[in-house]
Amino acid sequence: MIKKLHDVGLRSEHVYTAAVASIALSVGTWAASLRVEPGAGMDRADRWGIFVGEWAPTLFGLGLALSHYEQDEGSLMGKVHTDGERQRQMTGSA
């Protein structure tokens, strides 16, 4: 699954950004629920905030998995070596 997400262009920094945004969205939905549904009470607002707040740990975990995949693949820091240099390193020739 991680490889497929990476292949379609999703990168760890995209998912980390979404995780941080979901934290802000959680606070926003909690505050909005208090204002928009005043009769529903604090319990309803808390449930909305917790529902959206559950996205952040999931997204951070997905970002971590993508980061590990990018490190293993060598795309986390970009292509440092050309294919010729990589081939020489693998064969041990100078």
Side-chain angles (χ1 to χ4, degrees):
M1 178 179 149
I2 299 301
K3 181 183 181 324
K4 289 216 182 275
L5 290 172
H6 185 267
D7 289 346
V8 297
L10 192 63
R11 300 293 181 259
S12 58
E13 59 266 12
H14 301 146
V15 183
Y16 289 139
T17 302
V20 171
S22 75
I23 294 170
L25 184 63
S26 176
V27 173
T29 56
W30 176 80
S33 181
L34 282 175
R35 271 185 265 129
V36 173
E37 302 172 318
M42 182 71 81
D43 291 341
R44 176 102 171 214
D46 287 348
R47 282 191 291 269
W48 270 110
I50 290 170
F51 171 71
V52 177
E54 292 292 328
W55 300 350
T58 303
L59 290 169
F60 278 120
L62 184 58
L64 185 62
L66 279 166
S67 177
H68 283 290
Y69 180 80
E70 291 164 2
Q71 285 176 341
D72 290 343
E73 185 199 35
S75 66
L76 183 63
M77 300 302 288
K79 288 203 172 200
V80 178
H81 302 288
T82 64
D83 288 339
E85 289 173 330
R86 185 170 291 146
Q87 186 70 19
R88 282 192 299 273
Q89 287 178 346
M90 292 175 76
T91 60
S93 60

Rounded to the nearest 0.5 angstrom, the CG-OG1 distance for D46 and T29 is 10.5 Å
Item checked: pair W30-I50: side-chain heavy atoms closer than 4.5 Å -> no
Value for CD (Q71) from CG (L66), rounded to nearest 0.5 Å, stands at 11.5 Å
Interatomic distance, NZ@K3 vs CG@D72, rounded to 0.5 Å, equals 13.0 Å
Rounded to the nearest 0.5 angstrom, the CG-OG distance for L5 and S12 is 12.0 Å
In terms of heavy-atom contacts, A65 and I2 come closest through CB-CD1, 3.7 Å
Side-chain donor-acceptor pairs under 3.5 Å in residues 19-28, sequence neighbours left out?
from: S22; atom 1: OG; to: A19; atom 2: O; distance (Å): 2.7
from: S22; atom 1: OG; to: A56; atom 2: N; distance (Å): 3.4
from: S26; atom 1: OG; to: G49; atom 2: O; distance (Å): 2.7

To the nearest 0.5 Å, atom OH of Y69 lies from atom CZ of R11 at 9.0 Å
Grouping I, L, V, M, F, W and Y whenever their side-chain heavy atoms are under 4.5 Å apart, do M1 and W55 come out in a common cluster? yes
Can F60 be reached from F51 by stepping across I, L, V, M, F, W or Y side chains whose heavy atoms are under 4.5 Å apart?
no
